[in-house]
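All heavy atoms count here, side chains included; hydrogens, waters and symmetry mates do not. Computed from a predicted structure; not experimentally measured.
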Amino acid sequence: MKKQDYIRPISTTANPSATCYCCGSFILMSDKDTGFCHFCEAYNLLDENIPENSLSDKFYAIQMLIESNDPAEAEKTLDKILKYAEVQQNPAALFGAASIYRNLADAYYYNLDYNRHGFMEENSSNIYHSLDLTSKYKTLFYKLIRMAEPNLEMPSDSNLIYLAFFSCLKLKNYHKAKKFLNALSRISKGLEVEYAEIAFEVDSGNGIKPEKIFNMVSKGNSNSLYYLAKNNVKLKRFKEAKSILERLNSRVNMPDSRYLLLKIEKFMKETEL
């Protein structure tokens with residue numbers, strides 16, 4: 001399959017839109033009923049089976065603070081929301097909050113300017129604050145995982161298992177992620193399993209055959225292009241990965257895709273590729 005063939009669906013598919021039940025982000029659905037959040041990767045179903053999260057609107061407002069370059073206010077607002085008991089007991093809210101902290105951590109980490117004067121204290125401050133935010137999002141992901149672990153033997157809640165799987169993946173705990181992926185595969189046969197399998201194989205391995213990803217792309221899942229690009233990085237196809245990410249970032253707000261592109265551009269500049 002040629003590169004233009006697997007990039008085409010993202011620009012020609014008339015995807016319906018929705019908002020993510022976990023983080024409140026605007027998303028393009030894969031079809032009229034299902035979709036994957038570009039911001040947090042939660043699996044969204046537009047039916048009665050979707051869990052409730054009354055805080056998703058507040059989470060979206062926090063994301064708008066980040067987009068308007070006010071990360072300090074975004075963090076302050078999220079810290080306050082996390083004091084609510086409903087957040088601490090709701091897996092969807094935990095996952096949404098953890099994903100926002102993770103985005104904030106990356107925003108601070110990549111806000112480095114080596115043309116600043118003096119000893120560039122702001123750079124150091126941003127890096128240290130990124131580490132503080134990393135601790136916050138890891139704490140929430142681990143809490144969600146602990147909530148889901150009792151369901152591993154006899155899983156019944158596919159939404160909870162899916163969120164726990166991606167929590168493990170974002171923590172790079174591949175051993176435990178595999179356990180949740182196996183559990184998810186036992187109780188669901190939907191697109192979320194196929195997507196989770198691709199994410200796991202790309203993240204935990206040294207690269208997979210891209211044909212395995214094309215099927216998800218052809219179904220309108222734009223997020224799969226991120227894993228296609230990430231897979232190309234592992235296969236040292238940097239220019240191809242860069243091209244894919246540029247197209248993806250022009251279409252959706254996927255922080256992981258945006259920061260991966262920054263890494264690739266920095267690497268290509270330093271190595272003069």
Participant: For a 4.5 angstrom cut-off between non-hydrogen side-chain atoms, does Tyr259 reach Asn103?
Facilitator: yes
Participant: Enter the distance from Glu192:CD to Phe166:CZ here, rounded to the nearest 0.5 Å.
Facilitator: 10.5 Å
Participant: Identify whether Leu235 and Leu248 are in the same connected component of the hydrophobic contact network (ILVMFWY, side-chain heavy atoms under 4.5 Å).
Facilitator: no
Participant: As a test of understanding, state which of Ser99, Ser68, Ser25 forms a side-chain hydrogen bond (donor to acceptor under 3.5 Å, both in side chains) with Gln63.
Facilitator: Ser25
Participant: Find the distance between CD1 (Ile66) and CD1 (Ile100) and round it off to the nearest 0.5 Å.
Facilitator: 6.0 Å
Participant: Does the side chain of Cys37 come within less than 4.5 Å of Cys23's, by heavy atoms?
Facilitator: yes
Participant: Using every non-hydrogen atom in the two residues, find where Val193 and Ser185 come nearest and quote the distance to one decimal.
Facilitator: CG1-OG, 3.7 Å
Participant: On the 0 to 90° scale, with breaks at 30° and 60°, tag the His129-Tyr108 ring pair as parallel, tilted or perpendicular.
Facilitator: perpendicular
Participant: Taking side chain as C-beta onward, heavy atoms only, is Phe165 less than 4.5 Å from Leu184?
Facilitator: no
Participant: If I compare all heavy atoms of Ala18 with all of Met29, which pair ends up nearest, and what's the gap?
Facilitator: CB-SD, 3.7 Å
Participant: Under 4.5 Å between side-chain heavy atoms, counting indirect links through other Ile/Leu/Val/Met/Phe/Trp/Tyr residues: same cluster for Tyr226 and Met268 or not?
Facilitator: yes
Participant: Please check this pair: side chain of Asn44 against backbone of Tyr21, looking for a donor-acceptor N/O pair closer than 3.5 Å.
Facilitator: yes
Participant: With a 4.5 Å limit on heavy-atom distance, are the side chains of Leu169 and Leu181 in contact?
Facilitator: no
Participant: Quick check: are there more than 12 heavy atoms from other residues, nucleotides or ligands sitting under 6.0 Å from NZ of Lys58?
Facilitator: no
Participant: Please tell me whether Leu225 and Leu28 are part of a single hydrophobic cluster in this structure, the criterion being side-chain heavy atoms less than 4.5 Å apart.
Facilitator: yes
Participant: Taking only Lys NZ, Arg NE, NH1 and NH2, and the carboxylate oxygens of Asp or Glu, determine whether Lys76 and Asp70 approach each other closer than 4.0 Å.
Facilitator: no
Participant: Indicate yes or no: at least one non-hydrogen side-chain atom of Cys22 is less than 4.5 angstrom from one of Leu163.
Facilitator: yes
Participant: For the atom pair SG (Cys168) and CD1 (Ile145), what is the distance rounded to the nearest 0.5 Å?
Facilitator: 3.5 Å
Participant: Counting C-beta onward and ignoring hydrogens, is there a side-chain heavy-atom pair between Tyr162 and Tyr195 closer than 4.5 Å?
Facilitator: yes
Participant: Which distance, rounded to the nearest 0.5 Å, do you find between the CG of Leu160 and the CG of Leu144?
Facilitator: 6.5 Å
Participant: Examine distances only and state if a side-chain atom of Asn221 and a backbone atom of Met216 form a donor-acceptor pair shorter than 3.5 Å.
Facilitator: no
Participant: Go through it in stages, so that I can follow the logic: the residues are Lys242 and Glu246, the test is salt bridge (Lys or Arg N to Asp or Glu O under 4.0 Å), and I'd like the CA-CA distance, side-chain angles, deciding distance and then a yes or no.
Facilitator: CA-CA 6 Å; Lys242 180 175 180 291; Glu246 286 172 342; 2.5 Å; yes
Participant: Which side-chain N or O atoms in residues 198-206 pair as donor and acceptor under 3.5 Å with protein atoms at least two apart or in another chain?
Facilitator:
from, atom 1, to, atom 2, distance (Å)
Glu201, OE1, Lys212, NZ, 3.2
Glu201, OE2, Lys212, NZ, 2.5
Asp203, OD1, Lys230, NZ, 2.8
Ser204, OG, Phe200, O, 2.6

Participant: Going by the angle between their ring planes, with limits at 30° and 60°, are Phe267 and Phe238 parallel, tilted or perpendicular?
Facilitator: tilted
Participant: Please find the pair of heavy atoms, one from Ile161 and one from Ala148, that lie closest to each other, and give the distance.
Facilitator: CD1-O, 4.5 Å
Participant: Looking only at heavy atoms, which two atoms of Tyr137 and Ala98 are closest? And how far apart?
Facilitator: CB-O, 3.2 Å
Participant: Assess the residue pair Leu82 and Leu140 against the criterion (side chain to side chain contact (heavy atoms under 4.5 Å, CB included)); give the C-alpha distance rounded to whole Å, side-chain angles, the decisive distance to 0.1 Å, and a yes or no.
Facilitator: CA-CA 10 Å; Leu82 279 171; Leu140 296 182; 4.0 Å; yes
Participant: Report yes if the side chains of Ser130 and Thr134 come closer than 4.5 Å at any heavy-atom pair, otherwise no.
Facilitator: yes
Participant: Rounded to the nearest 0.5 Å, what separation is found between the CZ atom of Phe180 and the OG atom of Ser167?
Facilitator: 8.5 Å
Participant: Please list all pairs meeting ring-ring contact (aromatic ring centres under 6.0 Å, His included) that have one or both residues in residues 52-99, counting only residues at least two apart or in different chains.
Facilitator: Phe95-Phe141
Participant: State, without any angle test, whether Asn223 and Glu41 hold a side-chain donor-acceptor pair at a distance under 3.5 Å.
Facilitator: no
Participant: Does one side chain, of Lys83 or Gln88, offer a donor that lies under 3.5 Å from an acceptor on the other?
Facilitator: no
Participant: Is a salt bridge present between Asp79 and Lys136, judged by a nitrogen-to-oxygen distance below 4.0 Å?
Facilitator: yes
Participant: Using the side chain to side chain contact (heavy atoms under 4.5 Å, CB included) rule, take Asp33 and Leu45 through it: C-alpha gap first, then chi angles, then the decisive distance, then the call.
Facilitator: CA-CA 6 Å; Asp33 297 317; Leu45 290 167; 5.7 Å; no
Participant: Linking I/L/V/M/F/W/Y whenever any side-chain heavy atoms sit under 4.5 Å apart, do Leu152 and Leu94 land together?
Facilitator: yes
Participant: Does Lys234 have more than 12 heavy atoms from other residues, nucleotides or ligands lying within 6.0 Å of its NZ?
Facilitator: yes
Participant: Using a 4.5 Å cut-off on heavy atoms from C-beta on, say whether the side chain of Asn253 contacts that of His38.
Facilitator: no
Participant: Between Thr19 and Ile27, is a side chain to side chain contact (heavy atoms under 4.5 Å, CB included) present by the stated rule, with each step listed?
Facilitator: CA-CA 6 Å; Thr19 55; Ile27 59 176; over 6 Å; no
Participant: Thinking salt bridges, do Glu149 and Lys179 make one under a 4.0 Å N-O criterion?
Facilitator: no
Participant: Tell me whether Ser250 contacts the main-chain N or O of Arg247 through its side chain, where contact means a donor paired with an acceptor under 3.5 Å.
Facilitator: yes
Participant: Drop me the distance from Ile244's CD1 to Asn232's CG, to the nearest 0.5 angstrom.
Facilitator: 5.0 Å
Participant: Is it possible for you to say whether Met64 and Leu78 belong to one hydrophobic cluster, with membership spreading through side-chain heavy-atom contacts below 4.5 Å?
Facilitator: no
Participant: What residues, two or more places apart in sequence or in another chain, satisfy salt bridge (Lys or Arg N to Asp or Glu O under 4.0 Å) together with Asp157?
Facilitator: none
Participant: Is there a side chain to side chain contact (heavy atoms under 4.5 Å, CB included) between Tyr110 and Arg258 once you walk through the steps?
Facilitator: CA-CA 11 Å; Tyr110 287 100; Arg258 191 165 63 242; over 6 Å; no
Participant: Taking all heavy atoms of Leu55 and all of Ala93, pick out the closest pair and write down the distance.
Facilitator: CD1-CB, 4.4 Å
Participant: Using every non-hydrogen atom in the two residues, find where Arg186 and Pro155 come nearest and quote the distance to one decimal.
Facilitator: NH2-CD, 3.2 Å
